[in-house]
S.K.: 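What follows is a structure written as structure tokens; I'll ask about it next.
Since this is a predicted model, take the numbers as computed values, not measurements. Reminder, nothing fancy here: chain letters follow the sequence lines and each chain counts from 1.
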Number of protein chains: 2
Amino acid sequence: MSQGKEKILQTALQEFAEKGYDGARIDYISKMAGVNKALIYYHFKSKEELFTAVINDLFEKAVSVSIEPTGTSVRENLIQVMEHFIDFLHYNPYFVKIMDQSVAQDRDIFHQLHHQNFFFETVIGMYQLGVQTGECRKVDHPEDFIVSLLGAVYFYFSHHKAIRKFYGNISEEEVISIRKKTMKDMISRLTFL
Amino acid sequence: MSQGKEKILQTALQEFAEKGYDGARIDYISKMAGVNKALIYYHFKSKEELFTAVINDLFEKAVSVSIEPTGTSVRENLIQVMEHFIDFLHYNPYFVKIMDQSVAQDRDIFHQLHHQNFFFETVIGMYQLGVQTGECRKVDHPEDFIVSLLGAVYFYFSHHKAIRKFYGNISEEEVISIRKKTMKDMISRLTFL
DNA sequence: AAAATTAGACTAAATGGTTAGTTTAATTTT
DNA sequence: AAAATTAAACTAACCATTTAGTCTAATTTT
């Protein structure tokens, strides 16, 4: 990939994440990327196509953060997945922002949905396995249980600006560590028989 | 309030919720509201002011859903608050959408933040009271615990479109009832000593 | 090896549609 | 009478997209 194209994608990710599709400006992207506006249209045939390219690029990287837990029990695996999820959201703020923008505006990002579904289904399946083996407490609606847990993780990141103040003046790393501990604790308590 | 103004606010809420600030079109609002565009500028001096008015209007209604729990224990009160929160989000989909749009785009809605903070602080305080009276389990970071619970509630609504499929072909009322049960269960298990 | 050609990366400037916001004068509602 | 509302034309700015061309390094032809 040419240097210009790479820079464009990188800058466009930022712009789309911060301003949303409608708020994003091609002019601004070209200026920030230090390339001519026409170069964007040389590489991508429209704003929409640029957006799609940005998303695909982003999810390609996201997929590489695989969910192959290595624990010796379902409970441990669930905890591991949540911790990975927390780390991923922590290190990829643009991911969260793009997701928020897309969700808010019903933009269907086929790729996103595909991977998203896979992720949800995997985690739900993981828990159901634990119930089958008798390791985890049986719940009436595993899907609702997992949605709740994932929501508990996600919310902090998506509403970061509004929520952060409640944690006081500590470093972000400390908050992340607290978040992990809380989630671990919750999962333990909620899955034991 | 004049009938036209009311209709404008109502229609603008929909438009802003669905399209976001940048995506929303004044022409479209006037057309949908069945009023002349000039009337919008007669009542509001700019798009920005219209948006602010919409938000204020929305939060005024939101506040009226007070959080004055009537249970006989902190645990019961927490459960009640969460159930009210679930109902509120269920019956006010535009609220969720506007919040999502605003969060995604760092639009500072002073009023929103004010009420939001109050809500968070109230619930956190509620739990801390339970710890003090020895009724609830002591946790290292009550704020993180409450954020997790609120996130668990909120997520379903904000990501409704992506998540709903995992619940199968049941009515929305049934899902809401399942959600309430799951949250009640979670709160019970997590707060007991 | 020199000359001709190509292909890809890139640019400056124009085009044209869209959209927030205005204006004015008239009409209707309270 | 005052407040609310309409109609329709207008403008100024913004912004996605196009056009027509340059530059450069590699490849092919002579």
Side-chain angles (χ1 to χ4, degrees), chain A residues 1-58 94 97-98 101-102 104-109, chain B residues 1-58 60 94 97-98 101-102 104-110:
Chain A
M1 177 149 22
S2 72
Q3 173 198 333
K5 191 173 178 182
E6 198 117 30
K7 198 79 217 282
I8 289 166
L9 280 169
Q10 210 176 298
T11 314
L13 169 61
Q14 262 183 64
E15 174 74 352
F16 281 125
E18 277 161 19
K19 315 262 185 68
Y21 183 83
D22 293 307
R25 296 288 166 249
I26 299 287
D27 277 314
Y28 189 73
I29 294 172
S30 78
K31 199 174 150 200
M32 285 299 113
V35 302
N36 191 277
K37 186 155 64 151
L39 186 61
I40 294 178
Y41 286 92
Y42 172 76
H43 286 298
F44 310 95
K45 82 164 184 288
S46 65
K47 186 183 185 182
E48 192 71 39
E49 194 180 290
L50 173 61
F51 182 74
T52 306
V54 165
I55 296 291
N56 289 350
D57 208 49
L58 185 66
Y94 289 140
K97 290 219 129 208
I98 284 267
Q101 298 280 6
S102 306
Q105 298 191 23
D106 287 341
R107 218 151 243 291
D108 42 56
I109 305 168
Chain B
M1 176 147 26
S2 72
Q3 172 197 334
K5 192 173 177 183
E6 198 118 30
K7 197 79 217 278
I8 289 166
L9 281 169
Q10 209 176 298
T11 314
L13 169 61
Q14 259 183 67
E15 175 75 351
F16 282 126
E18 277 161 20
K19 316 262 184 68
Y21 183 83
D22 295 305
R25 297 287 165 250
I26 298 288
D27 278 314
Y28 188 73
I29 293 172
S30 80
K31 200 176 150 198
M32 285 298 114
V35 303
N36 192 274
K37 184 156 76 148
L39 188 61
I40 294 179
Y41 286 94
Y42 173 76
H43 286 297
F44 310 96
K45 82 165 185 287
S46 65
K47 186 183 184 182
E48 191 70 39
E49 193 181 290
L50 173 60
F51 181 75
T52 305
V54 165
I55 296 291
N56 289 350
D57 206 50
L58 186 66
E60 239 164 69
Y94 289 139
K97 290 218 129 207
I98 284 268
Q101 299 280 6
S102 306
Q105 296 190 24
D106 286 342
R107 218 152 242 292
D108 43 56
I109 305 168
F110 32 94

S.K.: Check the distance between C:dA20's C1' and B:Glu49's CD and give it to me in whole angstrom.
M.R.: 14 Å
S.K.: Which residues pass the side-chain contact (heavy atoms from CB on, under 4.5 Å) test with B:Leu13, sequence neighbours left out?
M.R.: B:Val54, B:Leu58, B:Tyr94, B:Ile98
S.K.: Measure the distance from OH on A:Tyr42 to C1' on C:dC10 and round it to the nearest whole Å.
M.R.: 8 Å
S.K.: For A:Ala38 and for A:Tyr21, find the nucleotide of DNA chain D with the closest heavy atom, then tell me which residue's nucleotide is more 5'.
M.R.: A:Tyr21
S.K.: Taking salt bridge (Lys or Arg N to Asp or Glu O under 4.0 Å) as the test, write out the residues that go with A:Glu48, two or more places apart.
M.R.: A:Arg107
S.K.: How close or far is atom C1' of C:dT19 from atom CD1 of B:Ile40, stated in whole angstroms?
M.R.: 13 Å
S.K.: Mind checking what makes side chain to side chain donor-acceptor pair (under 3.5 Å) contact with B:Lys37, not counting sequence neighbours?
M.R.: B:Asp27
S.K.: Mind checking whether B:Phe16 and B:Tyr21 have parallel, tilted or perpendicular rings, split at 30° and 60°?
M.R.: parallel
S.K.: Would you list the pairs meeting side chain to side chain donor-acceptor pair (under 3.5 Å) in which at least one residue belongs to residues 4-17 of chain A, sequence neighbours left out?
M.R.: A:Glu15-A:Lys19
S.K.: How many angstroms lie between CD in B:Gln101 and CD in A:Gln101, if you round to the nearest 0.5 Å?
M.R.: 7.5 Å
S.K.: I need the NZ-P distance between A:Lys7 and C:dA9, as an integer number of Å.
M.R.: 18 Å
S.K.: Specify the residues of residues 23-37 of chain A, ordered by number, for which at least one heavy atom lies under 4.0 angstrom from an atom of DNA chain C.
M.R.: A:Val35, A:Asn36
S.K.: Paired with D:dT30: which nucleotide, if any, by Watson-Crick or G-U wobble criteria at under 3.5 Å for both distances?
M.R.: C:dA1
S.K.: Judged by each residue's nearest nucleotide on DNA chain C, which is more toward the 5′ side, B:Gln3 or B:Tyr41?
M.R.: B:Tyr41
S.K.: Tabulate below the donor-acceptor pairs under 3.5 Å that side-chain atoms of residues 38-46 of chain A make, not counting sequence neighbours, or state none.
M.R.:
residue, atom, partner, partner atom, Å
A:Lys45, NZ, A:Glu49, OE1, 3.3
A:Ser46, OG, A:Glu49, N, 3.1

S.K.: Could you tell me how far apart B:Phe16 (CZ) and C:dA20 (C1') are, to the nearest whole angstrom?
M.R.: 11 Å
S.K.: Under a 3.5 Å cut-off for both contacts, is D:dG21 paired Watson-Crick or G-U wobble with anything, and if yes, with which nucleotide?
M.R.: C:dC10
S.K.: Could you pull out all residues at least two apart from B:Asp57 that satisfy side chain to side chain donor-acceptor pair (under 3.5 Å)?
M.R.: B:Lys61
S.K.: Taking 5' to 3' order, which nucleotide of DNA chain D is first and which is last to have an atom within less than 4.0 Å of a heavy atom in chain A?
M.R.: D:dC15 to D:dT19
S.K.: Just verifying a value: how many Å separate A:Ile55 CD1 and A:Leu9 CG, rounded to the nearest 0.5 Å?
M.R.: 11.0 Å
